[in-house]
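Here's the structure, in structure tokens; my notes come after.
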Amino acid sequence: MSELRRRATDHRPAPLQGDEPWRCGDDLLGASLHADHGPLGVVADLIVEEDSWAVTGLVVTAGGASMVVPLTDVARVDWPQRTLYLRTKI
């Protein structure tokens, strides 16, 4: 019985905790969005490009108000804590 041979390119580095890719939009819904000064709100919906189905923004609700946050403004995601962090603007 022969074993399967593996190539170096078959190895994928293990993601760091909190650095795992998301699998579907449901993974983001209900996540908390934080800025430098603290929590801003909760992800209520996603903005999706009609042609490519790419997620380009988040609809965040807080205290009955909603705002759209471009996905490019998100610096990192802590998946175990279900928390997104905004980039620091300089």
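Just so it is clear, the model here is predicted, and its values are computed rather than measured.
To the nearest 0.5 angstrom, Leu84 atom CG is 9.5 Å from Asp78 atom CG.
Of the possible donor and acceptor atoms, none in the side chain of Arg76 sits under 3.5 Å from a partner among the backbone N and O of Thr83.
Applying the side chain to side chain contact (heavy atoms under 4.5 Å, CB included) rule to Thr72 yields the partners Pro70; only residues at least two apart in sequence or on another chain are considered. Partners of Leu40 under the side chain to side chain contact (heavy atoms under 4.5 Å, CB included) rule, at least two apart in sequence or in another chain, are Leu33, Ala35, His37, Met67, Leu86. Thr56 is linked by a side chain to side chain donor-acceptor pair (under 3.5 Å) to nothing, counting only residues two or more places apart in sequence or in another chain.
Annotation: side chain of Asp45 is not in contact with side chain of Leu58 (no heavy-atom distance under 4.5 Å). Residues Tyr85 and Asp73 are not in side-chain contact: their nearest non-hydrogen atoms beyond the backbone lie 4.5 Å or more apart.
Linking Ile, Leu, Val, Met, Phe, Trp and Tyr whenever their side-chain heavy atoms come within less than 4.5 Å leaves Trp79 and Val42 in two separate clusters.
Side-chain contacts under 4.5 Å among hydrophobic residues (ILVMFWY), followed directly or transitively, place Ile47 together with Val59, Val68.
Between Pro39 and Ser32, the shortest heavy-atom distance links the atoms CB-OG, 4.4 Å.
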